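In what follows, a single structure is set out as structure tokens and then discussed.
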Amino acid sequence: MKKVAVMMGSDSDLPIVQKAIDTLVSFGVPYEAHIYSAHRTPEQAKDFSQNARKNGFGVIICAAGMAAHLAGAIAANTTLPVIGIPIQSKNLGGMDALLSTVMMPPGIPVATVAIDGAVNAALLSIQVLAVEDEALAAKLDEKRQKDAAAVLAKDAALNQ
Ligand code: RP5
């Protein structure tokens, strides 16, 4: 199976990013996590991105806050699918990172999830890998069924 790269701009993003890592682990999907910044370590970010496909990655998740250019900078140097997680910041509540991540120019797409949407970023990366992996697709179906059953149980409890 291809690996998922989980990149974050700073270790201060880790409490949110950990939810993506936990989700990947729960599906048995191999991953590598790195702290690379579009602004503070641009060369390392570029090098990782340029070599990601030949290093066995299938999808790249990028989490960053504030002027969040990591996902876009990574996407500029690979044609692997890139998923951006805008991280909530103190001053602008994550709108800064959301707009910086989602408003990509035509030609360089970044699939942007919600502010702090780490679980969905991981699930989307798994869905990408599951296009060519029946066993992984079955695990995704199983999770959807489990999630639906949990909601239905709450509905039943509400009316008792
Ligand atoms: C971004 O700046 C990081 O992704 C982080 O969300 C934010 C603040 O970084 P630190 O000052 O906490 O390292 O590049």
Side-chain angles (χ1 to χ4, degrees), residues 1-133 136 139-140 143-144 147 150:
M1 192 189 301
K2 300 272 189 200
K3 292 178 287 184
V4 175
V6 183
M7 324 269 287
M8 66 206 93
S10 167
D11 62 346
S12 65
D13 301 325
L14 188 56
I16 295 298
V17 174
Q18 188 64 47
K19 296 175 193 173
I21 292 173
D22 292 346
T23 302
L24 293 170
V25 168
S26 74
F27 275 83
V29 169
Y31 74 94
E32 255 181 47
H34 293 282
I35 299 167
Y36 289 137
S37 163
H39 307 120
R40 293 167 176 157
T41 62
E43 288 309 319
Q44 288 82 354
K46 183 180 177 190
D47 185 62
F48 181 90
S49 180
Q50 284 177 331
N51 293 303
R53 186 183 293 276
K54 80 163 191 282
N55 285 335
F57 293 96
V59 192
I60 302 176
I61 293 172
C62 295
M66 302 176 77
H69 298 135
L70 183 60
I74 291 290
N77 289 294
T78 182
T79 54
L80 289 176
V82 174
I83 301 169
I85 309 172
I87 299 290
Q88 186 170 13
S89 60
K90 196 167 41 140
N91 293 328
L92 295 174
M95 279 305 289
D96 43 357
L98 174 61
L99 298 180
S100 303
T101 306
V102 77
M103 291 302 289
M104 290 297 293
I108 311 292
V110 168
T112 305
V113 296
I115 296 168
D116 290 350
V119 170
N120 271 0
L123 288 173
L124 186 53
S125 74
I126 295 165
Q127 289 180 203
V128 170
L129 297 182
V131 168
E132 297 284 350
D133 187 327
L136 202 51
K139 283 189 191 176
L140 284 163
K143 178 179 163 35
R144 289 276 177 105
D147 289 352

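In what follows, residues are counted from 1 in the order of the sequence shown. Whatever order the structure lists them in is the order used to number ligands and atoms, beginning at 1. In this text, all values refer to a predicted model and were calculated from it rather than measured experimentally.
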Contact region, R40 to ligand 1, non-hydrogen atoms below 4.0 Å, reads side chain

If you scan protein heavy atoms around atom 13 (O) of ligand 1, the nearest is S10 OG, 2.6 Å

Derivation of the side-chain contact (heavy atoms from CB on, under 4.5 Å) call for D147 and K143:
CA-CA 6 Å; D147 289 352; K143 178 179 163 35; 2.9 Å; yes

So the atoms of ligand 1 within less than 4.0 Å of a heavy atom of A64 turn out to be 4 (O)

Practice task
State, with a plain yes or no, whether a side-chain heavy atom of P86 is found less than 4.5 Å away from one of T112.
Solution key: yes

For D13, the atoms of ligand 1 under 4.0 Å from one of its heavy atoms are 3 (C), 4 (O), 5 (C), 6 (O)

What I'd like to find out is whether the side chain of E32 reaches to under 4.5 Å of the side chain of N55, using heavy atoms alone.
no

Under the side-chain contact (heavy atoms from CB on, under 4.5 Å) criterion, do T79 and R53 qualify, and how do the steps go?
CA-CA 8 Å; T79 54; R53 186 183 293 276; 2.8 Å; yes

Could you tell me whether the side chain of D116 reaches within less than 4.5 Å of the side chain of I87, counting heavy atoms only?
yes

heavy-atom search around atom 1 (C) of ligand 1 in the protein gives G65 O, 3.5 Å

Please state whether the rings of H69 and H39 are parallel, tilted or perpendicular, taking 30° and 60° as the class boundaries.
perpendicular

M8 touching ligand 1 at heavy-atom level, < 4.0 angstrom:
no

shortest atom 12 (O) of ligand 1-to-protein heavy-atom contact is with S12 OG, 2.6 Å

Of all protein heavy atoms, the one nearest atom 8 (C) of ligand 1 is M66 SD, 3.9 Å

